[in-house]
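Letters A, B, ... mirror the listed sequences (proteins, then strands); counts begin at 1.
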Protein chains: 2
Amino acid sequence: MNIGEASKASGVSSKMIRYYEQIGLIHPTARSDNNYRLYTQDDVHVLRFIRRARSLGFSLEETQKLLALWQDKARESAAVKEVATQHIADLERRIAEMQGMVKTLKHLSHCCSGDGRPDCPILEDLAASAAPPSSATPSNH
Amino acid sequence: MNIGEASKASGVSSKMIRYYEQIGLIHPTARSDNNYRLYTQDDVHVLRFIRRARSLGFSLEETQKLLALWQDKARESAAVKEVATQHIADLERRIAEMQGMVKTLKHLSHCCSGDGRPDCPILEDLAASAAPPSSATPSNH
DNA sequence: GATAGGGCTTCCCATCATGGGAAGGTCAAG
DNA sequence: CTTGACCTTCCCATGATGGGAAGCCCTATC
């Protein structure tokens, strides 16, 4: 089948399929006489695998590892679990970071009247930001 | 003060300060005879404001709005709250998305023995991915 | 006065994953 | 034979940031 069909069958856009080939995530496929890429059902399975991995937030690099493990019949499941575990930790770190933002923002937002007056604790917080990262010494006059 | 000093005082890298100027987030500053950018304490305050907004996850575009509101003494706090509220919603959406990933991954990971055997429910899940986005009809045998 | 080092300038490139679009070849249906 | 839907490659854009080169400027040291 051609790339468009493979795209529909896998849920991966044609653009991305070509890109994945370019960066070596998938192998270059055979080409027809007119230079069209040709895909098999197996190729579609690989593309679906990639799509599912992406939907779980794995990077293309991680996806490549998982793909290699999937195709290695002698893999140790520990290796897969390791990739997953690290990804979970990464997600949880990012979630915590964003939750911290939400907490602060909700507090500030709660304190903001949100009416026609200009006074706004949100802006006050942004404007405050007393010290840069971690260097005190407010020196100038 | 020169850009390096402003960078230290604000916690924003020199690279970023120049970039913010380039995209119009901050106004071009005066230059010294030798063409060095010159910053005042007010400029540093603006940079800190930006840094704080960024640390709360606001995009540069949102930051620009907030900056404009901050500098508009006749602003209505409702406008600020609106920006914040939308950002909170966006963060919560992304958090929920990632939490969904974590939930799935933890389940799969929990079911994976993580030893020397090749059997792995994580890979099985990735390989399954029965249907593309929303088109059924598994036709080819 | 010459030189070394550090700061400044601009300009280009890379990231990560994705989409948009142009220019041109190919094919099937009408 | 034309039309339209494919396909090809190539370039550009996103958002925010960093890296680095080439070259100018200033200061301190020899």
Rounded distance in Å - [atom1] ([X]) to [atom2] ([N]):
X        : N       : atom1 : atom2 : answer
Ile23(B) : dA16(D) : CD1   : P     : 7 Å
Asn35(B) : dT10(C) : CG    : P     : 6 Å
Lys8(B)  : dG7(C)  : NZ    : P     : 6 Å
Arg31(B) : dC25(D) : CZ    : C1'   : 14 Å
Gln64(A) : dA17(C) : CD    : P     : 11 Å
Glu62(A) : dC16(C) : CD    : P     : 11 Å
Arg51(A) : dA17(C) : CZ    : P     : 17 Å
Tyr19(A) : dC16(C) : OH    : P     : 8 Å

**Asked** On DNA chain D, nearest-nucleotide positions of Asn34(B) versus Glu61(B): which is more 5'?
**Response** Glu61(B)

**Prompt:** Ser13(B) near the nucleic acid: base, sugar-phosphate alone, or nothing, with a heavy-atom cut-off under 4.0 Å?
**Reply:**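 Counting heavy atoms under 4.0 Å across all strands, the contact made by Ser13(B) is with sugar-phosphate only.
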
**Message:** Any base atoms under 4.0 Å from Ser14(A), or only sugar-phosphate, or nothing? Heavy atoms, all strands.
**Reply:** nothing

**Prompt:** Is any side-chain N or O of Tyr36(A) under 3.5 Å from a base N or O of dG25(C), one able to act as donor and the other as acceptor?
**Reply:** yes

**Prompt:** Without hydrogens or angle criteria, can the side chains of Asp115(B) and Ser113(B) be said to hold a donor-acceptor pair below 3.5 Å?
**Reply:** yes

**Item:** Distance-only polar pair, side chains of Ser13(B) and Ser7(B), donor-acceptor under 3.5 Å
**Value:** no

Between the side chain of [X] and the main-chain N/O of [Y], is any donor-acceptor distance below 3.5 Å?
X         : Y         : value
Asp125(B) : Ile122(B) : no
Arg37(A)  : Ile3(A)   : no
Ser109(B) : Lys106(B) : no

**Item:** Contact under 4.0 Å: Arg37(B) side-chain N or O vs dT9(C) OP1/OP2
**Value:** yes

**Asked** Would you say Arg54(A) reaches dT18(C)'s phosphate, i.e. side-chain N/O to OP1/OP2 under 4.0 Å?
**Response**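 Yes, within the criterion.
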
**Prompt:** Of Tyr39(B) and Asp33(A), whose nearest nucleotide on DNA chain C comes first from the 5' end?
**Reply:**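 With Tyr39(B) and Asp33(A) compared, the 5'-side residue is Tyr39(B).
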
**Options dT10(C), dA17(C), dG19(C), nucleotide nearest the side-chain atoms of Lys15(A)** = dG19(C)

